[in-house]
Structure formats: C-alpha cells, structure tokens
Number of protein chains: 2
Amino acid sequence: MTWTDFFPELKRLPEPSLSIVERAGRVVSLPAGAIVFGPGQPPQNYLLLIKGTVRVHQLSEAGREIVLYRVAAGESCAMTTACLIGDEVYQAEGVAETPIEAVVLPRAAFDEAISKSAEFRRFVFAALSSRMTNLFKLIEEVAFSRIDIRLAQRLLDLAGDNDRVAMTHQQLASELGTAREVISRQLTEFQRRGWVATARGELTIVDAAALRQLINAR
Amino acid sequence: MTWTDFFPELKRLPEPSLSIVERAGRVVSLPAGAIVFGPGQPPQNYLLLIKGTVRVHQLSEAGREIVLYRVAAGESCAMTTACLIGDEVYQAEGVAETPIEAVVLPRAAFDEAISKSAEFRRFVFAALSSRMTNLFKLIEEVAFSRIDIRLAQRLLDLAGDNDRVAMTHQQLASELGTAREVISRQLTEFQRRGWVATARGELTIVDAAALRQLINAR
DNA sequence: AGCTGACCGTGACATGATCACAGACGCGGC
DNA sequence: GCCGCGTCTGTGATCATGTCACGGTCAGCT
C-alpha cells in the first residue's frame with residue numbers, strides 16, 4: 001500500500017504522473033504541537049495531510065492571532081500551495097493540532113506533476129480555489145459579523161458529537177482573532193442563558209438550537 | 001497589433017498557445033461604473049484587463065462593503081480565476097472604476113491554454129497566488145489594525161502625484177469596510193493636525209510624511 | 001432664488017478591545 | 001493532606017470603533 005491510497009483523486013492519476021508523485025513523496029510524522037511551517041520560511045515541499053489536522057493562523061505584532069483555516073486529513077495546505085507557486089515565503093504559522101502524518105512532495109516533483117498531469121492540476125487548483133472562497137468568507141465575518149454570532153458558530157463547529165469543546169478562553173479568542181476577555185464575557189452571558197456550561201479549559205454546549213437561532217437571527 | 005501586446009508574458013508564449021489565446025480572446029469595452037460581475041453569477045470567461053481599473057468588493061447584508069482588491073491594467077482578476085477553476089459562483093462584485101478595456105477568454109480556451117502551456121500556467125497561477133498573499137494581509141489588517149492607520153495607508157495609496165483623493169467619506173468607508181461617521185471623525189482629526197485638507201467629495205494630503213510616521217509608529 | 005438630493009458633522013449610545021488586577025483552580029512536591 | 005506556583009478565569013475602568021438619529025451645508029437644477 002502506498003500513501004496515494006488516502007487521496008482518491010490522486011490514486012486515479014494516469015501514468016507516469018502517479019509514479020512521479022508516489023516515488024517522490026515521502027511520508028513524515030510529527031507530534032501534536034509541532035510547528036509545520038512558520039512566517040518567513042520559504043516552502044520547499046507541497047504538503048498533503050494523511051492523518052490529523054493542522055491549524056494555520058496568522059500572528060499580529062501585538063501577539064494576537066487569528067485562525068485562517070484548518071487542514072484536515074485528505075486535504076492540501078493552501079498557503080503552502082500559493083507560496084510554492086508564487087515563490088514567496090510563508091506569512092502564517094502552521095501547527096499540528098494532533099499527531100499528524102503528511103506527505104511532503106518536493107518542489108521539483110510538484111512542478112513536474114503540475115506540468116504533466118491535468119488531473120493533478122485539477123486536484124491542486126480546485127483545493128486552492130476552494131480555500132480562497134473560504135478566505136473571502138472569513139474577511140466578511142471579521143469585517144462585519146458580531147462577535148457573539150461568530151463565537152456561537154465556532155463553538156458549534158468545534159464541538160464534537162458530545163457537544164464538548166476542550167479549549168481555554170484564550171484559545172477560543174485566538175480562533176476568532178479577538179481578546180480573551182471578550183470571550184470570557186460572551187461565555188458568561190451564554191451560560192447565564194443556559195446555552196452552555198463552562199469549566200476550566202473546556203465547555204459543553206447545552207442548547208445547540210439556541211446557538212443556531214442566535215446565528216440565524218440576523 | 002493584437003491585444004497580447006499588453007501582456008509581455010503572454011506575448012512570449014510559444015506556439016500554438018499564443019494563437020489559441022489570441023484568437024479566442026475578444027476585447028470588450030465597458031464604461032466607468034459598469035458592473036463587471038456580481039455575486040451569484042458563474043464566471044464564463046477568464047478576464048485580463050488592458051485599460052482602466054476594476055474594484056472588487058464584498059457586500060454585507062447590512063449594506064456595508066469592503067474593497068478586497070483592485071485589478072489594474074495588465075493584470076487578471078483573481079476571483080474570476082479562482083471561481084473558474086473551482087467551478088463556483090462569484091461571491092463579490094466587480095465594478096469598473098474607469099472606462100475599461102478587457103480581454104475575455106472563454107472558459108474552453110482558458111482550459112486549453114492552461115493544459116498546453118507551462119508559461120500560461122505560470123502567468124495565471126503566479127497572479128493568483130500573489131493575490132492570495134494580499135488577502136492574508138487584508139485579513140490581518142481588518143482583524144488587528146487601528147482604523148486611523150488603515151485610513152492613512154489607504155489615503156497614501158489612493159493619492160496620485162498631486163496628493164489628491166477624489167472620493168467621498170462614504171467611499172473611503174467602503175474601502176476599509178467601516179462606517180462613514182468613523183471616516184469623517186478621523187479626517188476631522190487629520191485635518192486638525194494639519195495632515196490633510198478636506199473639501200466636499202475630495203481631499204488633499206498636506207503632510208504625507210506625518211501620515212507615514214503614524215503608520216510606522218506601531 | 002428656491003428645491004432637492006448628496007454630502008458632511010455631531011451627540012448619544014452600543015459593542016468590542018485594552019489595561020490592570022484579583023481570585024480560583026490544578027498539579028507537582030513535600 | 002497541604003503548600004506553592006503557574007495557568008485560567010472574572011471584572012471594573014477606560015478607550016476605540018460602530019450604530020443610530022438628526023440637522024446643517026453644498027452643488028446643481030429649474
């Protein structure tokens with residue numbers, strides 16, 4: 001079994017493209033918390049995530065941060081792709097949120113596959129454009145959405161089936177690019193209304209319907 | 001003379017790619033104020049601007065807007081490219097700020113040129129990735145920058161050699177995704193400090209150095 | 001001159017960010 | 001258990017920004 005088993009679109013690549021990427025790509029593992037890439041670095045490899053998730057966030061000078069997007073298993077990293085193509089350095093940081101396994105495909109092989117395979121191009125650029133779409137949405141949210149609505153949305157996104165979010169207020173603030181105090185106050189209010197239950201470093205969604213209603217109210 | 005004269009990178013395309021795009025691309029003109037594309041529309045053509053500028057901005061439900069980027073002569077439109085590749089509809093609006101001339105290249109010819117020419121690909125995707133880089137910067141600014149600094153930056157950007165910006169406060173507010181009143185107050189303050197002179201529908205930068213210093217102060 | 005619509009100024013208030021600080025909790029060491 | 005320490009959370013004060021309401025001013029038109 002080879003790593004392309006994790007990427008159906010790539011598995012269907014015609015030869016010789018399939019062989020190129022299969023042979024050039026190496027699988028690496030990183031522990032949770034590892035910094036996958038950081039601002040100022042030039043990308044050397046195309047990245048494909050097999051297992052785990054990577055959080056990509058931007059850091060401000062003042063020490064605040066905002067999550068730009070997450071890379072899930074089976075996806076590629078948009079910022080890496082953009083920087084590779086445009087020959088630029090990373091502007092954001094990528095952090096392994098869980099232990100991860102990823103394929104690193106060296107630039108040369110990436111370029112070769114791009115030029116030789118229409119299917120590979122489609123895979124790469126469809127992912128890129130879909131992420132771009134997300135970024136436009138993010139800009140709209142940051143510029144125009146109220147913080148309580150953004151928090152409610154994010155809590156629903158982050159909660160698993162057990163409606164639990166194991167994050168500190170500071171981490172939630174970093175998700176949305178705001179300050180911890182703002183999150184604390186909003187959560188206090190959510191709790192007062194019986195929508196969530198909070199505990200140190202974690203929180204439980206009690207009334208998901210109410211949160212959804214808040215989101216749709218405007 | 002053909003329209004590719006306006007795009008040095010394309011002019012250097014090897015045959016047959018050059019002929020493909022030259023023959024498939026039609027030059028169109030639009031008056032200032034024309035809506036080039038709008039939210040919900042599917043893109044049918046790749047766009048290359050020959051003359052004038054197009055402003056691409058996102059509209060919020062509440063009627064506020066923010067300028068995502070401008071397409072200058074000699075450039076392509078990133079949102080169009082992304083939507084074409086990813087087969088999605090536009091999420092933002094493109095407006096001709098001046099009378100414009102543009103090349104529209106139908107999807108089929110675009111796809112063909114992409115698959116046949118490495119140079120064309122480089123042209124298209126380098127533009128896309130560079131715009132993506134801009135978007136990350138925009139997110140950082142919206143999320144973390146003070147409005148006075150963002151306004152100062154934008155004024156310097158918008159001012160021509162004569163240090164004049166012919167826009168209303170409302171238009172400036174739309175540039176930055178904020179409200180008119182906020183701009184009015186900031187400009188009043190800038191004027192009080194002797195940095196700008198304001199008039200109805202226009203403004204003159206008096207002390208560009210002071211504005212630059214404000215920007216660099218933090 | 002008088003009308004009209006766009007443009008601008010401003011006060012009052014709501015929301016969000018920043019600063020300062022204190023209390024609560026969890027965990028390791030004893 | 002208990003202590004000590006670092007992290008996490010709560011809260012008031014204040015500032016920055018956004019929203020609402022309204023009135024005044026200006027340019028262009030008849």
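Protein chains get the first letters and strands the later ones, always in sequence-line order, with residue 1 at the start of each.
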Can you tell me how far [atom2] of [N] sits from [atom1] of [X], to the nearest Å?
X        : N      : atom1 : atom2 : result
B/Arg185 : C/dA12 : CZ    : P     : 11 Å
A/Ile147 : C/dT18 : CD1   : P     : 11 Å
A/Arg150 : C/dT15 : CZ    : P     : 16 Å
B/Phe144 : C/dG16 : CZ    : P     : 16 Å
A/Ile183 : C/dT15 : CD1   : P     : 16 Å
A/Glu181 : D/dG12 : CD    : C1'   : 12 Å
A/Phe190 : D/dG10 : CZ    : P     : 14 Å
B/Leu176 : D/dG18 : CG    : C1'   : 14 Å

Open item on the list: Using a 4.0 Å heavy-atom cut-off, does B/Thr198 contact any base of the nucleic acid, only the sugar-phosphate backbone, or nothing at all?
Closed with: nothing
- [ ] Remember a base hit wins even if backbone is also touched, and classify B/Ala199 as base, sugar-phosphate or nothing at under 4.0 Å, heavy atoms.
- [x] sugar-phosphate
Residue-phosphate contact under 4.0 Å: [X] side-chain N/O, [N] OP1/OP2:
X        : N      : result
B/Arg64  : D/dT19 : yes
A/His169 : D/dT7  : no
A/Gln171 : D/dC8  : no
B/Thr168 : C/dA6  : no

Looking at [X] and [Y], does any basic side-chain N land under 4.0 Å from a carboxylate oxygen?
X        : Y        : result
B/Glu140 : B/Lys137 : no
B/Glu175 : B/Arg70  : yes
B/Arg107 : B/Asp87  : yes

Open item on the list: In the structure I gave you, are the side-chain heavy atoms of B/Met167 and B/Glu202 within less than 4.5 Å of one another anywhere?
Closed with: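 When only atoms from C-beta onward are counted, B/Glu202 and B/Met167 do not touch, as no gap falls below 4.5 Å.
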Task: Distance-only donor-acceptor test, B/Arg180 side-chain atoms vs C/dG9 base atoms, 3.5 Å - done: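 For B/Arg180, whose side chain was compared with the base of C/dG9, there is a donor-acceptor pair (under 3.5 Å).
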- [ ] Please step through salt bridge (charged side-chain N to carboxylate O under 4.0 Å, His left out) for the pair B/Glu181 and B/Arg185, ending with a clear verdict.
- [x] CA-CA 6 Å; B/Glu181 297 91 321; B/Arg185 285 175 182 130; over 6 Å; no
TODO: Please tell me which of B/Ser184 and B/Arg200 maps to the more 5' nucleotide of DNA chain C, matching each residue to the nucleotide holding its nearest heavy atom.
DONE: B/Arg200
